[in-house]
Amino acid sequence: MGRKFEISLIKVLYLFGISSFIYLIKKPLAKEWLLVFFIKSYYASLVDNLVVKRGYVQYPTRFPKQVKTSVLFDYIIFLITCVFYNQLTKDSRIIQCLLKVLYFSIPMTIAELWLEKNTRLIKYKNGWNWTTTFYSLSFSLLLVRFTMSVIRRIFNNEYDLSQIVLVNQQQEAEKYRNI
């Protein structure tokens, strides 16, 4: 594929990603989905920077050029996919989450493998291959899902932290009254 095609594809994917993000914000529980978005961006920053620095993956054609990672994939496409996965699995049990992760990681792996073979958007190096991509995508989706389940448990009725804060404030007020 030519460079023109690659640049056009990047533009279309940026447009798709931004419009998908707007769609996600309008859904119920927008704060929760934004939290998923930011947690995933934090994980993506850590992992992809490490993978690129170690030379496992290269992004020869990218925008912006100053960044060595793929801003499009790391901070738009994969984040939105992760939000969709979390929306799909919000009330799912563990086995269902493990099965549903395949709905996302298999097509993403196939798409990335096609891009690696037919474009200069991504290149595998130093033993990185499609299986590594598949496992890393699946693990990443599950890690964010697990993180969100922990956050939901902490901040939902199971552990009402507002009551703990209120009790601590009341105890502090009692100390000052007794002085």
Side-chain angles (χ1 to χ4, degrees), residues 1-27 30 32-90 92 97-148:
M1 302 281 155
R3 183 155 170 79
K4 255 184 162 179
F5 170 78
E6 293 169 0
I7 298 299
S8 296
L9 181 61
I10 288 173
K11 288 177 183 177
V12 167
L13 289 175
Y14 267 112
L15 183 65
F16 170 76
I18 291 167
S19 59
S20 296
F21 181 75
I22 293 168
Y23 171 75
L24 291 176
I25 299 306
K26 293 182 178 184
K27 291 198 100 161
E32 191 168 316
W33 307 138
L34 282 172
L35 185 58
V36 169
F37 192 86
F38 291 125
I39 290 170
K40 178 62 190 130
S41 63
Y42 177 73
Y43 290 157
S45 296
L46 294 175
V47 173
D48 205 33
N49 279 325
L50 183 67
V51 167
V52 169
K53 281 182 183 175
R54 297 246 171 132
Y56 293 113
V57 175
Q58 288 181 338
Y59 302 100
T61 303
R62 61 188 179 278
F63 178 78
K65 275 290 203 191
Q66 295 80 3
V67 181
K68 296 289 183 199
T69 62
S70 174
V71 172
L72 174 63
F73 181 75
D74 288 342
Y75 300 108
I76 298 177
I77 301 295
F78 195 27
L79 299 182
I80 290 167
T81 303
C82 193
V83 172
F84 280 134
Y85 171 71
N86 274 269
Q87 289 175 345
L88 182 66
T89 62
K90 182 178 183 305
S92 299
C97 290
L98 292 172
L99 291 173
K100 289 176 183 178
V101 79
L102 300 176
Y103 297 163
F104 295 90
S105 57
I106 289 174
M108 287 173 63
T109 300
I110 291 169
E112 186 172 293
L113 182 61
W114 185 87
L115 290 171
E116 199 271 335
K117 298 275 186 214
N118 296 299
T119 70
R120 292 185 32 86
L121 295 178
I122 184 169
K123 292 296 172 197
Y124 297 156
K125 304 280 184 184
N126 298 331
W128 193 277
N129 57 37
W130 69 268
T131 56
T132 313
T133 294
F134 171 76
Y135 289 126
S136 65
L137 292 174
S138 298
F139 178 76
S140 180
L141 289 167
L142 290 169
L143 178 64
V144 174
R145 174 64 176 82
F146 172 75
T147 303
M148 284 306 297

Handout entry: Stepwise side-chain contact (heavy atoms from CB on, under 4.5 Å) check, Phe73 with Leu121
Key = CA-CA 10 Å; Phe73 181 75; Leu121 295 178; over 6 Å; no
Practice task
Would you please name every residue forming a side chain to side chain donor-acceptor pair (under 3.5 Å) with Ser45, sequence neighbours left out?
Solution key: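 Checked Ser45 against side chain to side chain donor-acceptor pair (under 3.5 Å); matches are Tyr75.
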Handout entry: All side chain to side chain donor-acceptor pair (under 3.5 Å) counterparts of Ser105, not counting sequence neighbours
Key =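 So Ser105 forms a side chain to side chain donor-acceptor pair (under 3.5 Å) with Ser138.
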Return the [atom1] to [atom2] distance between [X] and [Y], rounded to the nearest 0.5 Å.
| X | Y | atom1 | atom2 | value |
| --- | --- | --- | --- | --- |
| Leu35 | Met148 | CG | CE | 4.5 Å |
| Thr133 | Leu113 | OG1 | CG | 8.0 Å |
| Tyr43 | Leu143 | OH | CG | 4.5 Å |
| Glu32 | Asn86 | CD | CG | 8.0 Å |
| Thr147 | Tyr42 | OG1 | OH | 11.0 Å |
| Leu34 | Leu79 | CG | CG | 11.0 Å |

Taking the side chain as every heavy atom from C-beta outward, state whether [X] and [Y] have any atom pair closer than 4.5 Å.
| X | Y | answer |
| --- | --- | --- |
| Phe16 | Ile77 | yes |
| Tyr56 | Thr132 | no |
| Trp114 | Thr119 | yes |
| Val52 | Tyr59 | yes |
| Asp48 | Phe78 | no |
| Glu112 | Ile122 | yes |

Handout entry: Partner set under side chain to side chain contact (heavy atoms under 4.5 Å, CB included) for Ile106, not counting sequence neighbours
Key = Leu102, Ile110, Phe134
Minimum heavy-atom distance between [X] and [Y], given as atom pair plus value:
| X | Y | value |
| --- | --- | --- |
| Lys123 | Glu116 | NZ-O, 3.0 Å |
| Thr89 | Lys100 | CG2-CD, 3.7 Å |
| Phe37 | Ile80 | CE1-CG1, 4.2 Å |
| Arg145 | Lys90 | NH2-O, 3.4 Å |

Exercise for the section: For the pair Ser140 (side chain) and Leu137 (backbone), establish whether a donor and an acceptor sit closer than 3.5 Å, ignoring hydrogens and angles. Expected result: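 Side chain of Ser140 to backbone of Leu137, a donor-acceptor pair under 3.5 Å: no, none is there.
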Practice task
Output yes when a side-chain donor or acceptor of Tyr85 lies under 3.5 Å from a complementary backbone atom of Cys97, and no otherwise.
Solution key: yes
Problem - Enclosure of Lys117 NZ (heavy-atom neighbours >12, cutoff 6.0 Å) - result: no
